[in-house]
Every structure is written in structure tokens, then in C-alpha cells.
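Here's the structure, in C-alpha cells; my notes come after.
Computed over heavy atoms, backbone and side chain alike; hydrogens, waters and symmetry mates excluded. Ligands are counted one by one from 1 in listed order, and the atoms in each one are counted from 1 as well.
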Amino acid sequence: MDLIVMDVVEDTVVDGPGFRTTIYAAGCRHHCPGCHNPQSWNPDNGQRVTVEQVAEQLLSDPFSNVTFSGGDPLEQVEAFTELARWIKAKSRKNIWCYTGYRFEEICCSRRLAQILPYIDVLVDGRYMQALRDTDLLFRGSSNQRLVDVEVSLQLGKTILINYEPLPIKVV
Ligand code: SF4
């Protein structure tokens, strides 16, 4: 299966805690005003790579964890699910995923929800310029949340991770 990506960047420190390898998906239908990366909206701006190629690159780094960003990785949920499943089967890396969809919307869609068992933290919701807050860690506007996916699925309600001032739970 193929992914369409804008870039794969190693050792980033802004897309979740610690050193991470971030895969920037091409394609996003949310079109948020003020989006930091509007060229990522069009999937034709990306490059096609196989899930296997990206997985091998990620797994060759024994230290970095993984972030899916974009664009919106959930526009390619089948391929990103395969990648996430591969990472979880072969490593102990944690996976953060950015998306313009809300967690509750994802849970209501069998197609979108297929990725959730492999995601540790979901940074959810569209970027909203009116709610922009430069003091927030790992997100641009205050409507966006850091969802603890495993606990949320276990309890059947949305549970957030609090990173201020220190993380309650580090995943
Ligand atoms: S969801 Fe993210 S990538 Fe998509 S338009 Fe909004 S800010 Fe941009």
C-alpha cells in the first residue's frame, strides 16, 4: 500500500514530546483559514512512497518516536493504519497523530476509527485562527486537544492528557 507524503522529517521536537520522526501527509479537506501548510491540502503536491519504505526508515532509528501530521493523515487512513500497525508490531515507539477531525467524529466512523487502536495521542480538531494560542504545547489553537486514545477507548469517553505544567502521563 502507498502513502502520499509531503515530507518525512527526522528528530523534530515540536510535534510531541522528545525526538520524533514526523510523516507529513499530503491532502487535507478541512481548509482551515490560517493553516500553517496550505500547500499540503492538495494530494497532488505529495510524493508516493510505500508503507514499507517509510516503516523501514522509522524503525532504523532506535530512539525517535513517531508523529503523523499533514495535511491530514486520516484522509489516507487505510495506509496510515497499516503503517501504525507495522510500527507497533516491530517496536515500542509511541505514535502521535494530528488530524482536523474531532475524536468523537472519528469514533463514529468505522473507516476513520480503524487507526485508533494504534495511536497513543490524537491531537484533534481543525485549526481556528480566533482561538490561536502560542503558549499551547504541540497545537495551534485552544479548541485542539491532546486525546489519550487508549484510555478514552477503554472508558468510552474523551480523556485528555494535561501537559501543563508537567505531563500527568508520558506515553
Ligand atoms: S487540518 Fe491542519 S493541515 Fe488541514 S487545513 Fe486545518 S490546519 Fe491545515
Which of the protein's N, O or S atoms come within less than 2.8 Å of atom 4 (Fe) of ligand 1, not counting waters?
Cys28 SG

Determine whether more than 12 heavy atoms belonging to other residues, nucleotides or ligands lie under 6.0 Å from atom CD of Gln47.
no

Considering the options Thr22, Ile119, Thr99, which one meets the side chain to side chain contact (heavy atoms under 4.5 Å, CB included) requirement together with Phe68?
Ile119

Is the closest side-chain donor-acceptor distance between Thr21 and Gln57 under 3.5 Å?
no

For the pair His31 and Trp41, name the ring-plane relationship: parallel under 30°, tilted 30 to 60°, perpendicular over 60°.
parallel

Aromatic contact between His30 and Tyr127, with the criterion being ring centroids under 6.0 Å apart: yes or no?
no

What residues form a side chain to side chain donor-acceptor pair (under 3.5 Å) with Arg132, not counting sequence neighbours?
none

